[in-house]
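Take a look at the structure below.
Worth knowing before you read on, the calculation uses all heavy atoms, side chains too, and leaves out hydrogens, waters and symmetry mates.
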Amino acid sequence: MTERRGQGRARRAAAAAVIAAGTVLATPGAVLAAVGEELVPKQPLTADLETGGAACATGDERPYVGAVPQVTARLYGPGGGQPGEASRVRGEFEAWWQGEDGAEERVSMTTSTKLDTAPFTWQLPSTVPDETVVSWRVRAVNDAGASAWSSEGAGAPCEFVYDRTLPDAPVVTSSDYPDDGTWTPGAGVRGTFRFTARAEDVVAFVYTFTGGQPRRTDVRPDGSAEVGFVPEDSGVQVLSVQAQDRAGNRGPRTDYTFRIGQGPAPVARWKLADAAGSRSAAAENGTAARAGAGVTFGTPAPSGTPLTTTASLDGTGHGFLTPGAPVVVDTAKDFAVGGWVRPARVDGTRTVLSQDAGTGRAFTLGLRQAGSAPAWSFAVGGARVTGGLPEAGDWAYVLGQYDAGTGTVRLYVNGRAAGEETAAVPVAGEGDFQIGRARGARGYRDRWQGEIGDVRAYDRIVVPDELTDLATRAAQRTGHWALDSAPDGLAPESDGGAPLKLGAGASVFRLDAPCDPLDPGCGQDWPLEGDGHLRLDGVSGHAATDAPVVDTTQSFTVSARVRLTDDAPAAPMTAISQGGEHGDAFKVRFDPENSSWDLVLAHADEPGAPETVLRRIEWPDGDFGAGHRVTVVYDASAGQVSFYVDGWKESVGGTADFDAAWKSTGGLQLGRGRTADGWGEHLKGVVDSVYAYAGVLSEEKIQQLP
């Protein structure tokens, strides 16, 4: 009897010890479990298992992998992963497959003990065979016992196939751009390329065009895929394609070489440069366009373009041109329409180009009101994109484009994208092409008033370089002052234009005879360019024209070479400026506080007006060396200003948005600028070789300035 009581006490003590060992956290009022099986880990869930990053799956859903994978499991201790009940467990993994002799082969691994909040992984051994279905499972183990296997009960084993066989190189063909050594038009013309797999397990193709990023396209049920491509340049292009199987293996590359010619000419083009009195517009391509009585030929053309004259439309029912036939044959395919325009009025809705579609129109290009201001507009079907700011009397190149590959419409103003690319569903437009009006339910409406020139229509994409060329207006030189001489105090303009008048404290130094190179004065006064230069005393010295040399509300470029006299200027000094009564529309000055050349643009001709400043750090010259060529470029169409020093600009801070341009009424100033107290910031130094242009001088041309 005493022995049985002792055994009972021992069993009760052991049970109490087990209960104590399994308790992680007890709260007041909690009832402690006393059943040992509640201390055993929970069965892993198949949803928490992964094979090489892919979810656990069986049958047709099993993953194919290109390398022996690492398997991962989330295990649960007795607490089931509840907050505050983390437990320490081990993971037992097991994998099996059918060997070549038909016998089952198994491998296993047990991890170290760690908290069940951590992932448990097993890198399967290299003995795993390829081209064989491999199954695996896992369970959690602690000192109280083991959970059920993940494959038991409602669970299932995870499966995968290790496939290390690379797919064969694909076959690439194209009837649009054949790989046969021939040159095929061309830039902007969409081509289709077909890829064909040589194996049943290929799921995708990875391809790259020369200079492009790799792309992927899925395989269709017949084992092929098709991709479209719009070349942006003429020349030799290489398309590289690899087949990718379901295991992620990529096979050898097929290189397909094709040759791209120049983009085809427009399907229709009217320069609208016909003789005054003409009643039709000759077509460079396509059909001549009949002109209404409200059309006048021989009107001005945008400067800096190859156009000599344009056509003016009076905005009445007689102001139109039409070839009497459609120009865009299929509006569901790529097309673009555009031309040079100068609106006389920007109120209401005004059409540059359109094409009839019954009692409506398939597309319209023109301007309309967007809120309280006008905007350029291009509409295809029911979709419309707007952008830019039309101004009465200002030339602009506008082009609308439909991209069938993306199903979107785009608008370009002066060669730059305007507004947001917009999805569109084209409507059939088999009616007549119209210049200067659009079809409505009650007849034609939305008539253009102003000039139109060089109208073009394309049945392809107009590529970026073409857009730039179409919209480019070459800068026209409005002045060049060599500053080699100043007879009677007037420094002549090279082409006989307005001279620069020298004020007190300004003189032209001319080196008529060689000097002693060892004489410091020889180096200091050696001309920056040519035979002489303008020297300014920093007190009152300046030179100026009587009237502006550039229109500061339009695009312009102004450039000069400048050298400072000393190496420690005491105050800001302006080298070149042009402004009004109270401020400068632009000026370039040296700021000794920052040791920098600054381009400064006042936002209004008012005292204390806000300013936009672009800065370039440079040490003062001290009257030695060639100085610096400073160049100001204002691009009105982009609303941007740029500052170049010695032919280049800072990649960050060299260009800034500027939409506060105002019309300068004063002349070009050398050596001084407007201040709160009148003229000031006099330059102590040398100025030479000044250029002024109407328009944006290209960066290449800027670098070629002397």
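For the residue pair T364 and S354, no side-chain donor N or O sits within less than 3.5 Å of a side-chain acceptor on the partner. Side-chain N/O atoms of E226 and T192 include no donor and acceptor closer than 3.5 Å. There is a side-chain donor-acceptor pair under 3.5 Å between S303 and R473. No side-chain donor-acceptor contact under 3.5 Å links Q355 and D432. With 3.5 Å as the limit, one finds no donor-acceptor pair spanning the side chains of R384 and T422. Side chain to side chain, S234 and Q262 meet the donor-acceptor criterion of an N or O pair below 3.5 Å. Remark: the D176 side chain and the S174 side chain contain no N/O donor-acceptor pair separated by less than 3.5 Å. No side-chain donor-acceptor contact under 3.5 Å links R250 and Q242. T299 and S312 share no side-chain donor-acceptor pair at under 3.5 Å.
With salt bridges taken as basic N to acidic carboxylate O contacts below 4.0 Å, none links E391 and R342. By the 4.0 Å N-to-carboxylate-O rule, R416 lies close enough to D635 to be salt-bridged with it. Remark: K701 does not engage E699 in a salt bridge, criterion side-chain N to carboxylate O under 4.0 Å. Using a 4.0 Å cut-off between a side-chain N of Lys or Arg and a carboxylate O of Asp or Glu, D274 and K271 do not qualify as a salt bridge. Electrostatic pairing of R220 and D218 does not count as a salt bridge here, judged by no charged N lying under 4.0 Å from a carboxylate O. Comment: R456 engages D454 in a salt bridge, judged by a side-chain N to carboxylate O separation of less than 4.0 angstrom. D334 and R190 are joined by a salt bridge, as a carboxylate oxygen and a charged side-chain nitrogen come within less than 4.0 angstrom of each other. Taking the charged nitrogens against the carboxylate oxygens, D403 and R410 do have a contact shorter than 4.0 Å, which makes a salt bridge. No salt bridge links K333 with D459; every basic N to acidic carboxylate O contact stays at or beyond 4.0 Å.
For the pair R368 and W376, the cation does not sit on the ring face, since its NZ or CZ is not both under 6.0 Å from the ring centre and inside 45° of the axis. Relative to the ring axis of F320, R437 places its NZ or CZ within 45° and under 6.0 Å from the centre. Both the sub-6.0 Å distance and the 45° axial angle are satisfied by R439 relative to the ring of Y444.
The closest donor-acceptor contact from the side chain of T287 to the backbone of A283 lies at 3.5 Å or more, if one exists at all. A donor-acceptor distance shorter than 3.5 angstrom exists from the side chain of D330 to the backbone of A332, with no hydrogens or angles considered.
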Starting from the C-alpha separation in whole Å, work towards a yes-or-no answer on side chain to side chain donor-acceptor pair (under 3.5 Å) for Y458 and Q401.
-> CA-CA 9 Å; Y458 297 84; Q401 185 158 271; over 6 Å; no

Check step by step if salt bridge (charged side-chain N to carboxylate O under 4.0 Å, His left out) holds for R253 and D255.
-> CA-CA 6 Å; R253 188 178 68 192; D255 287 336; 2.9 Å; yes

Applying ring-ring contact (aromatic ring centres under 6.0 Å, His included), run through F556 and F586 and close with a yes or a no.
-> CA-CA 11 Å; F556 69 84; F586 73 88; 5.2 Å; yes

Begin from the C-alpha positions of N285 and V267 and carry the test side chain to side chain contact (heavy atoms under 4.5 Å, CB included) through to its verdict.
-> CA-CA 6 Å; N285 305 95; V267 292; over 6 Å; no

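More than 12 heavy atoms of other residues, nucleotides or ligands shown are found within 6.0 angstrom of NZ on K649. Other residues, nucleotides and ligands contribute at most 12 non-hydrogen atoms within 6.0 Å of the CD atom of E420. Crowding of R215 atom CZ: a count of heavy atoms from other residues, nucleotides or ligands under 6.0 Å not exceeding 12. The environment of Q554 atom CD is dense: over 12 non-hydrogen atoms of other residues, nucleotides or ligands sit within 6.0 angstrom.
Across all non-hydrogen atoms, the minimal contact from R615 to E650 is O-CG, 4.5 Å.
Considering L411, L399, V380 as possible partners of L365, the one that fulfils the side chain to side chain contact (heavy atoms under 4.5 Å, CB included) test is L411.
Taking the six-membered ring for Trp and the full ring otherwise, the centers of F335 and F363 sit less than 6.0 Å from each other. Centroid-to-centroid, the aromatic rings of F258 and W183 stay 6.0 Å apart or farther.
At a threshold of 4.5 Å between non-hydrogen side-chain atoms, the residues Y207 and S240 do not count as touching.
With values rounded to the nearest 0.5 angstrom, I452 atom CD1 is found 7.5 Å from L321 atom CG.
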